Amino acid sequence: MDCSHPLFTFGVIADIQYADIDDGFNFKRTRKRYYRNSLNLLHNAQERWALLKPCFILQLGDIIDGVNQKYNASDQALETVLKEFSSNPSKVHHVWGNHEFYNFSRDTLLHSNLNSSSLCNQGGVHNTGAIYAYHFSPSPKFRFVVLDAYDVSLLGREESSAQYINALKLVKEHNHNEELNNPPVPFGLEQRFVKFNGGFSKDQLDWLDGILSLADEKLERVVIVSHLPVHPSSTDPICLAWNYDELLPILRCHRSVVCFMAGHDHDGGYYKDDLGVHFLTLEGVIETPPDSGAFGTVSVYEDRMVLKGNGRMFDREFIFP
């Protein structure tokens, strides 16, 4: 591990899924979820970050749980969690996951405090306002790209819209279940074609390709973030983006890419490919017991990043390719 002074640091946390209700279980009723206590775990993370003073925090989606919508508590739950984030002066970059869309429409999210694209450098926002994607540079020679993993999705879209109809057609080509949250097969990559996942439109992929080409020319190092993982070896396949196989070839074409970070799979995961690119899936707060934690602080150096995990989040070192 590098003990020299880092160029900058940032915090990481995912799948808080706060709700002011008693503990419950996941969709399959196989995992316990600590809805109310997730706020306490966020508070613990904030206390740590108050001491470390990271340059920014990456919140990788599912900030509140979809159950809030059932109780008409979405606005209150979001206000509660954002108030906790505001206790720390570090700016927060929010990624959108499926639970954001269980609670709010896409239009509502675009006009909410979960739209952090105003924090990016001038000109860094995707030029189509309906796609929530942007990039920013916290330090010379480093760039972060926030992707919209539900750009192609059944969530957050009007059922009469072309986007919804096209997404439904795509899913039903692979998933013949009446309940589309049930995977089409018990094993393998086809499991990913479920309603709680999504994908990236060609428009967004072309935009990403252009950003990475510019980063290559500038000799920048790029970290990409999304709620959904995109490498099969970094996650349970049921959590993969629908068209991960269209995004991965783009990443492999650009030497600037050093790391892809995601949430969604609450167990977390990690894989380094043959080019040396790191694929990290963060452990989820919502399924973390009260006596533990699930957040980290990343120190960035010229040739590597070092993650100091807390609780069930592992320490890791990411040497740049």
Side-chain angles (χ1 to χ4, degrees), residues 12-39 41-42 45 57-85 92-116 132 146-157 167 179-182 192 194-199 225-229 235-236 238-242 261-268 281-288 294-295:
V12 289
I13 194 166
D15 297 272
I16 299 168
Q17 292 183 220
Y18 168 73
D20 187 15
I21 60 172
D22 294 338
D23 296 346
F25 293 88
N26 63 350
F27 178 72
K28 291 185 176 180
R29 301 195 63 78
T30 57
R31 299 290 191 89
K32 191 169 185 178
R33 292 188 168 179
Y34 305 89
Y35 294 108
R36 191 174 285 123
N37 190 70
S38 65
L39 190 68
L41 297 189
L42 172 60
I57 295 166
L58 294 177
Q59 186 279 113
L60 292 185
D62 287 2
I63 191 171
I64 63 174
D65 197 90
V67 72
N68 286 290
Q69 198 276 335
K70 175 182 176 182
Y71 296 107
N72 197 29
S74 301
D75 290 331
Q76 181 60 53
L78 180 59
E79 181 181 344
T80 299
V81 179
L82 290 180
K83 182 178 179 181
E84 184 60 56
F85 270 114
V92 183
H93 290 270
H94 296 288
V95 175
W96 297 351
N98 48 310
H99 283 264
E100 276 75 12
F101 292 109
Y102 296 155
N103 285 283
F104 307 106
S105 70
R106 176 170 287 269
D107 186 64
T108 298
L109 287 171
L110 285 168
H111 294 90
S112 75
N113 288 327
L114 289 181
N115 183 344
S116 51
Y132 179 61
V146 176
L147 293 183
D148 184 346
Y150 291 86
D151 175 17
V152 178
S153 174
L154 294 173
L155 306 177
R157 302 286 190 186
E179 171 53 73
L180 292 176
N181 279 315
N182 290 327
R192 71 187 189 275
V194 285
K195 187 175 181 179
F196 56 77
N197 290 338
V225 299
S226 155
H227 183 65
L228 297 181
T235 182
D236 187 308
I238 200 173
C239 293
L240 273 170
W242 289 342
M261 294 186 177
H264 201 47
D265 183 344
H266 299 166
D267 286 338
T281 304
L282 301 180
E283 292 79 2
V285 171
I286 184 61
E287 292 178 7
T288 300
F295 71 95

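Just so it is clear, the structure is predicted and the values come from calculations on it, not from any experiment.
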A side-chain contact here means heavy atoms from C-beta on lying under 4.5 Å apart; do [X] and [Y] qualify?
X	Y	answer
Met261	Val12	yes
Tyr150	Tyr132	no
Glu283	Asp267	no
Leu180	Val194	no
Asp20	Thr80	no
Leu42	Val81	yes

Return the minimal non-hydrogen interatomic distance between [X] and [Y], and the atom names on each side.
X	Y	value
Cys239	Pro229	O-CD, 3.3 Å
Phe101	Gly156	CD2-CA, 3.5 Å
Val285	Ala294	CG2-O, 3.5 Å
Asn103	Gly66	ND2-CA, 3.6 Å
Glu179	Asn181	OE2-N, 2.8 Å
Ala167	Ser153	CB-O, 3.5 Å

No-hydrogen, no-angle side-chain donor-acceptor test under 3.5 Å, [X] and [Y]:
X	Y	answer
Asn98	His227	yes
His266	Gln17	yes
Asn197	His264	yes

**Report entry** Trace of the side chain to side chain contact (heavy atoms under 4.5 Å, CB included) decision for Ile13 with Leu282
**Finding:** CA-CA 7 Å; Ile13 194 166; Leu282 301 180; 5.9 Å; no
I'd like to know if [X] and [Y] make a salt bridge, using a cut-off of under 4.0 Å between side-chain N and carboxylate O.
X	Y	answer
Asp22	Arg36	yes
Asp148	Arg106	yes
Asp107	Arg157	no

To the nearest 0.5 Å, what is the distance between [atom1] ([X]) and [atom2] ([Y])?
X	Y	atom1	atom2	answer
Leu228	Leu60	CG	CG	11.0 Å
Ser38	Glu84	OG	CD	10.5 Å
Trp96	Ser116	CH2	OG	8.5 Å
Asn68	Ile63	CG	CD1	11.0 Å
Leu154	Trp242	CG	CH2	4.5 Å
Ile21	Asp65	CD1	CG	6.5 Å

Donor-acceptor check, side chain of [X] to backbone of [Y], threshold 3.5 angstrom: yes or no?
X	Y	answer
Arg33	Phe25	no
Thr108	Phe104	no
Tyr34	Leu41	no
Asp265	Asp236	yes
Asn115	Leu110	yes
Thr288	Gly284	yes

Query raised in the report: His94 vs Phe85 aromatic rings, parallel, tilted or perpendicular, using cut-offs 30° and 60°?
Result: perpendicular
Requested in this report: Step by step, work out the side chain to side chain contact (heavy atoms under 4.5 Å, CB included) result for Leu114 and Leu78.
Outcome: CA-CA 9 Å; Leu114 289 181; Leu78 180 59; 3.9 Å; yes
Report task. Would you sort out whether Ile286 and Ile16 count as a side chain to side chain contact (heavy atoms under 4.5 Å, CB included), showing the intermediate values? Result -> CA-CA 5 Å; Ile286 184 61; Ile16 299 168; over 6 Å; no
Requested in this report: Verify the neighbour count for atom CG of Asn113: are there more than 12 heavy atoms of other residues, nucleotides or ligands below 6.0 Å?
Outcome: no
**Report entry** Lys32 vs Asp23, side chain to side chain contact (heavy atoms under 4.5 Å, CB included): CA-CA, chis, key distance, verdict
**Finding:** CA-CA 7 Å; Lys32 191 169 185 178; Asp23 296 346; 3.5 Å; yes
